[in-house]
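Written below as structure tokens is the structure these notes are about.
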2 protein chains.
Amino acid sequence: MARKQGSHSDITGPKVREAALRLIARCGWAAVSMRQLAAEVGVQAGALYNYTPDKQTLLFDLMRDHLVDVIESFDKADPKTDAQSRLRAFVSFHIRYHLPRADAVFVAYMELRNLEPENFAAIEKLRRAYEDRLEAILRQGEAEGAFAMKDARVATRAIIGMLTGFFTWYRQEGRLPLEEVEAIYWDLVCNAVAR
Amino acid sequence: MARKQGSHSDITGPKVREAALRLIARCGWAAVSMRQLAAEVGVQAGALYNYTPDKQTLLFDLMRDHLVDVIESFDKADPKTDAQSRLRAFVSFHIRYHLPRADAVFVAYMELRNLEPENFAAIEKLRRAYEDRLEAILRQGEAEGAFAMKDARVATRAIIGMLTGFFTWYRQEGRLPLEEVEAIYWDLVCNAVAR
DNA sequence: CATCTAACTGAACATCTGTTCATTTGAAAA
DNA sequence: TTTTCAAATGAACAGATGTTCAGTTAGATG
């Protein structure tokens with residue numbers, strides 16, 4: 001039997017990506033076999049090759065699509081006013097955008113070493129582009145006299161690390177509601193760089 | 001041929017652990033085969049089973065030994081005086097202790113999902129024990145009136161995340177010497193929690 | 001209705017996987 | 001020198017791996 005009812009490319013394609021994100025985030029790319037992934041989708045392994053040329057490209061596409069989305073979404077969320085407001089927006093965006101995409105965040109951070117060199121370079125470029133947004137905000141803040149720090153580039157990395165670590169421990173059903181955790185992180189970030 | 005010249009358990013054992021840390025950090029535990037590891041050590045795959053009962057236990061032992069070392073070493077480095085001095089010592093220790101052990105840090109951080117449940121629980125307990133050291137310092141600082149933050153537990157995680165992110169980008173040959181980067185991080189941490 | 005073709009199956013491919021174990025080796029102890 | 005045995009080898013196991021492809025199916029098209 002082939003092509004079950006309602007099973008088209010438009011349905012199976014997204015299913016493949018979702019299942020891949022879920023499984024790779026949980027088990028790691030190397031530990032997930034194409035047969036496992038196929039079973040999760042509900043097809044045979046061979047059918048996956050209608051949706052990706054190979055396993056490596058599947059990983060790369062997942063990471064690239066995620067990062068491109070992150071950057072585009074932030075550029076829309078960026079108020080582009082004073083540095084303080086922009087930094088506040090960045091912290092809020094980073095937490096709120098990534099939270100419902102925890103699998104993609106996990107994959108994009110943890111699977112870098114499984115990318116072939118040219119794919120790695122492309123992903124690093126995108127990651128750097130996102131970091132550069134934050135760095136630009138910090139530098140604007142320095143210019144405005146609102147922020148003071150020893151080194152904007154290192155501060156950028158420190159803040160990104162701090163915000164990203166968030167996803168390794170936050171659980172919806174935990175002690176604190178999201179609004180509160182967001183406020184706590186904003187407090188820490190703001191104090192760290194404020195003049 | 002067996003037992004090459006100068007090849008004893010005391011030599012091969014450490015070699016296995018070093019090679020395992022190096023390979024797992026670079027490629028991921030799931031992606032490293034016992035034959036690859038054996039080749040790196042310079043023995044056949046079967047010989048590895050003189051040093052570990054199985055691949056899973058090898059991973060667990062590497063992570064546990066690392067974390068036990070971290071905790072013991074910090075307890076020695078902790079001045080146990082005022083919170084400000086202790087926090088300064090924590091930041092310095094975290095950066096300086098982990099830097100020459102980048103492979104172990106990477107493995108202990110990235111391979112959690114490849115641990116079987118009971119092993120995972122044991123490692124999480126150790127990680128938590130380390131984080132608790134920092135939390136205790138922050139709470140002492142609050143009690144002394146030296147620090148002020150909205151939530152000590154969240155601040156603990158934020159600071160750990162910030163400091164650990166350091167190892168994902170710092171390179172010995174980079175723009176800034178270690179002393180300077182350490183000072184920058186201290187500045188950020190200190191401002192984030194200072195009253 | 002018959003036809004077309006995107007989407008899928010299932011078998012096959014060579015190679016790799018973790019682990020076991022009877023066997024061999026050679027440095028140190030007697 | 002002979003004995004001993006820790007520390008290796010290398011073959012074998014059953015099953016998994018990514019990927020290919022000729023063949024099958026069923027929904028859309030004419």
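To find a chain, count down the sequence lines: A is the first, B the second, and so on, and within it residues start at 1. Since the structure is predicted, the reported quantities are computational estimates derived from the model, not experimental observations.
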How would you label the contact of A:Val41 with the nucleic acid (heavy atoms, under 4.0 Å): base, sugar-phosphate, or nothing? nothing
Within this structure, what is the CE-to-C1' distance between B:Met34 and D:dA11, rounded to whole angstrom? 17 Å
Nearest whole Å is fine: how far is C:dT17 C1' from B:Asp54 CG? 14 Å
Spell out, as yes or no, whether a donor-acceptor pair under 3.5 Å connects the side chain of B:Gln84 to the backbone of B:Gly141. no
Given atom OH of B:Tyr51 and atom P of C:dT19, what is their separation to the nearest angstrom? 17 Å
From the options D:dT20, D:dT9, C:dG18, select the nucleotide whose nearest atom is closest to the side chain of B:Tyr49. C:dG18
Counting only side-chain N and O atoms of B:Ser33, is one of them less than 4.0 Å from OP1 or OP2 of C:dC16? no
A:Tyr109 six-ring face occupied by A:Arg127 cation (under 6.0 Å, within 45°): yes
Could you give the CG-to-C1' distance, from B:Leu37 to C:dT19, as a whole number of Å? 14 Å
More than 12 heavy atoms of other residues, nucleotides or ligands under 6.0 Å from CZ of A:Arg195: is that the case? no
Over 60° means perpendicular and under 30° means parallel, so tell me whether B:Trp169 and B:Phe166 are parallel, tilted or perpendicular. perpendicular
Pairwise 5' ranking along DNA chain D for B:Ala47 and A:Gly46, keeping only the more 5' one: B:Ala47
If you check the A:Asn50 side chain, which of D:dT19, C:dC8, C:dG18 turns out closest? C:dC8
Could you tell me how far apart B:Asn114 (CG) and C:dG18 (C1') are, to the nearest whole angstrom? 15 Å
In whole Å, what is the span from the NZ atom of A:Lys15 to the C1' atom of C:dC8? 13 Å
When you measure from the side-chain N and O atoms of B:Thr12 to the phosphate of D:dA8, is any distance below 4.0 Å, counting only OP1 and OP2? yes
Whole angstroms only, please: what is the CD-P distance between A:Gln36 and D:dT17? 6 Å
Of A:Gln44 and A:Arg35, the one whose closest nucleotide on DNA chain C sits nearer the 5' end is A:Gln44
Using atom types as modelled and distance alone, determine if a side-chain donor or acceptor of B:Thr57 lies under 3.5 Å from a backbone N or O of B:Pro53. no
How many whole angstroms separate atom CD of A:Gln56 from atom P of D:dT19? 9 Å
